[in-house]
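Written out below as structure tokens is the structure these notes cover.
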Amino acid sequence: MQNIIEELNDKQKEAVENTEGPCLVIAGAGSGKTKVLTYKIAYLIQEKNVKPWNILAITFTNKAAEEMRQRAEKLIGENINDLWLGTFHSICVRILRKFIDRLGYDTSFAIFDTSDQKTLVKNCMKELNIDTKLFTEKSVLNAISNAKNEMLEPEQYNFKYSGDYRKEIIGKVYSLYQKKLKDNNAIDFDDIINFTVKILMENPDVLDYYSTKFKYVLVDEYQDTNKSQFTLITLLASKYGNITVVGDNDQGIYGFRGADISNILNFEKDFPGTKIIKLEQNYRCTGNILKVANAVIKNNQNKYEKKLWTNNGEGTLPYIFCGNDEYSEANFLIENINRLKREEYLKYSDFAILYRMNSQSRAIEDKLRIENIPYKIIGGLKFYERKEIKDTIAYLRLIANQSDNFALERIINEPKRGVGKTSIENLREIAEENNISMYEAIKSADKYLPRIYENTKEFVNTIEELKTTECSISELIMQVLNKTGYVQSLKDENTIEAETRIQNIEEFVTVANEFEKESADNTLVEFLNGISLASDTDNLEESDDVVTLMTLHSAKGLEYPVIFLVGLEEGIFPGHQSMDNPEDIEEERRLFYVGVTRAKQNLFITFAKRRTIFGSTSYNPPSRFLKEIPKEVLDGYEDAMNEQLEDEDFEDTNFDWKYKNHYNKIESSNVITYKVDKSSNFSSNENRSTTKFGRTAESFLASIQAKKNTDIDLSKYKVGQKIYHKKFGQGVISKLESEGDDIKVDIDFEKAGHKRLMAKFAGLEILE
DNA sequence: ACGGGCGTCTTTTTT
DNA sequence: AGACGCCCGT
């Protein structure tokens, strides 16, 4: 152990050895945060003779948990299965599986995902006759989730907001929503944490059990915890008070999900006697990359100010590039991937492309396909959200929990059994009248709904049979799909799409197989819980030599030799929805900081003059974050900013979709990988569009400033106003939307068609 | 019950 | 641009 400790720097050592009492570790990006946590676990077990089962370690993602376990086991040299190490959600599910009966639920409870939640809200609103024009299901679901983040139960919510017309209605939906969840013996994502907290607060014996058990509590990514998570760890650590939290207030990027950055800011107040340790030495990035990160983040208000430094050397300057549009932006990425691969002997897997929103991946994917570059994309359409997988899961859910009406509704007519909308409606009524589940209603439907009874006889038989069958989960899946004719009906479709669906199902069987092999507790319920909590980055395999594409949020906690940060435009990043709120802008800035600090050697930042989103083309100014970087820290600055000012040249950026066929699409779990099909004989050299370099003009900063200073009177604009644009000619304003201190103007041009421009930037002239 | 056609809204980010 | 819901005709 002694030599292990020697591997740490002074600050890290201090954080590890400080085991007793509350301890706050402010750990900058790449400063060895995971190292501190794993060494601390090892130190507790080996040096302090703490039993593994007396330690609770909570991480943010399953991947981080897995990595931490492996690293800790390597240090100790033995398995530490008894250590409680997992995400907030997985830890809480574990507790709920034991004690949820205290809340009147059955331990075979189901976990509803977002789409289940949407359906449920929709049902509730329909039942309550709520106008979906005034209350969208999304906004209501959002309100409910916010209420849960604030730990308000329906009654408390209704009490708190009585008198508020809108919230009273939302409260009604919330109450019904929660009741229906219970009727289905189901909970949603937010309930996982809240219910655990509730059980601990209302049951002294349970609280005593866990707070005695967990003599040491460690929490990773503390800046991203919300109120209920805070309450949870406070309760669990209440007996011994040995709590270590590690986090970086500059990397808090989950405010939208209720994460409360004040948790980390107030930690020393919440836990008196806190030892605060700052880790500022960065082991990941080059000096120049850190300069970019530091320069931008210093524009945030900050309590724990810290300055990252490194011994890694300055490295190459980060490069900035401006493309004409998203396709030329993508070409730039490809040129540099190919170049670095050649010149510096890098592998595809050394590159990651990060964007603000999933929809940005499309253009990049298209170009990567043309150029035969293998890639994988994290997030976006997820494996477990595919129809065939959800259907299969619904069958399993029904077998595990016959009160799950949602699972039943999903598959009762899948494959077609002649049970349509009306039949389901009838069923639901009968179930409600008799206070039984819909499945029960079907079973005894011979009296009142003979047609449904006839049509579903076989279906019920299959479920009944499988309910009691003793077999493996993968076996169960195959039986379900064969006996119900689900696979057969896909085969009958005889389309490529159906073929893909069958392949996905086969992949799902493989997932089940692996689960059985790996998990000690391999019951069906446990399997279902596991997949509800699975997330995108979990299945990131390092073995594939492919380029990785993902959102900035998904990239948190990861590192790559080369990072491309794309779409640095006002309205994209920072996103338009954050423009009106300084706090939101700060969160975007933290997101940028996270992105920059993923890079070990090379960083490329790109933006585009025009970008097509949702079918309309926008002309966005470069992101404000670029202006916060001193230009001597960036390479290509002049070129990029001059490019930005160049006139449009309308190059044809169309590409041929036929190339798509030369890729083999490999879907494994929730990561989709595209690999080049070597057997196909086509040349990728045609149809390559080039990017222009090498023009000079005055600095972009000055010109933006100059444009802004022309002092446009925004009040003159209104819908129907005729205007003139120096490039697009005459047009009429069709829509106005304020965005920050600027206005987003939609214009129908006589010749150039429909465009979307930022008023301050576009230089429009009013025509009388 | 089901499919085609049309209008709508969308996209921030996720355990 | 594309997905999705809604309406109507079969």
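Letters A, B, ... are given to chains in the order of the sequence lines, protein chains preceding strands, and every chain is numbered from 1. All figures in this text were calculated on a predicted structure; none of them were measured in a lab.
In this entry the distance linking CZ of A:R611 with C1' of B:dT11 reads 14 Å, nearest Å. Nucleotide B:dT13 holds its P atom 17 Å from the CG atom of A:L558, rounded to whole Å. Taking atom CD1 of residue A:I378 and atom P of nucleotide B:dT15, one finds them 11 Å apart after rounding to whole Å. Rounding to whole angstrom units, CZ of residue A:F112 and C1' of B:dT15 are separated by 18 Å. Regarding A:I111, its CD1 atom lies at a distance of 14 Å from the P atom of B:dT15, rounded to whole Å. Rounded to whole Å, the distance from NZ on A:K118 to P on C:dG5 is 9 Å. Taking atom CD1 on A:I585 and atom P on B:dT13, their separation rounds to 17 Å, with Å as the unit. Atom CZ of A:R94 is separated from atom P of B:dT15 by 21 Å (rounded to the nearest Å).
If you check distances only, the side chain of A:S359 does reach the base of B:dT11 with a donor-acceptor pair under 3.5 Å.
Look at A:S554 and you won't find any side-chain N or O under 4.0 angstrom from OP1 or OP2 of B:dT13. Here A:N358 reaches the OP1 or OP2 of B:dT14: one of its side-chain N or O atoms lies under 4.0 Å away.
When heavy atoms are screened at a 4.0 angstrom cut-off, A:N413 is found touching the sugar-phosphate backbone but no base atom. Residue-level contact check: A:F573 touches neither bases nor backbone, having no heavy atom under 4.0 Å from any strand. If you check every strand for non-hydrogen atoms under 4.0 Å, A:Y254 touches sugar and phosphate atoms only. A:K556 comes within 4.0 angstrom of nothing in the nucleic acid, heavy atoms only.
Looking only at atom types and distance, the side chain of A:Q117 has a donor-acceptor partner in the side chain of A:Y177 under 3.5 Å away. Side-chain contact, A:N300 with A:Y593: no donor N or O sits under 3.5 Å from an acceptor N or O.
Set against C:dG2, B:dT14, B:dT11, the side chain of A:R362 has C:dG2 as its closest nucleotide. Among C:dG2, B:dT13, B:dT11, the nucleotide with an atom closest to any side-chain atom of A:H576 is B:dT11. Taking the side chain of A:E588 as heavy atoms from C-beta on, and the options B:dT15, B:dT14, B:dT12, the nearest nucleotide is B:dT12.
Relative to the ring axis of A:Y254, A:R257 places its NZ or CZ within 45° and under 6.0 Å from the centre.
Judged as a side-chain hydrogen bond (donor to acceptor under 3.5 Å, both in side chains), and not counting sequence neighbours, the contacts of A:E221 are A:K33, A:Q223, A:K556.
Atom C1' of C:dC6 sits at a distance of 22 Å from the matching atom of B:dT11, rounded to the whole Å.
Here A:F256 packs flat against the base of B:dT13; its ring centre is closer than 5.5 angstrom to the base's six-membered ring, tilted by less than 30 degrees.
Each of A:D584 and A:R417 was assigned the nucleotide of DNA chain B with the nearest heavy atom; the assignment lying further toward the 5' end belongs to A:R417.
Contact check for A:T59 versus A:E67: no side-chain heavy atoms found under the 4.5 Å cut-off. Side-chain contact between A:I193 and A:F88 is present, with heavy atoms from C-beta onward closer than 4.5 Å.
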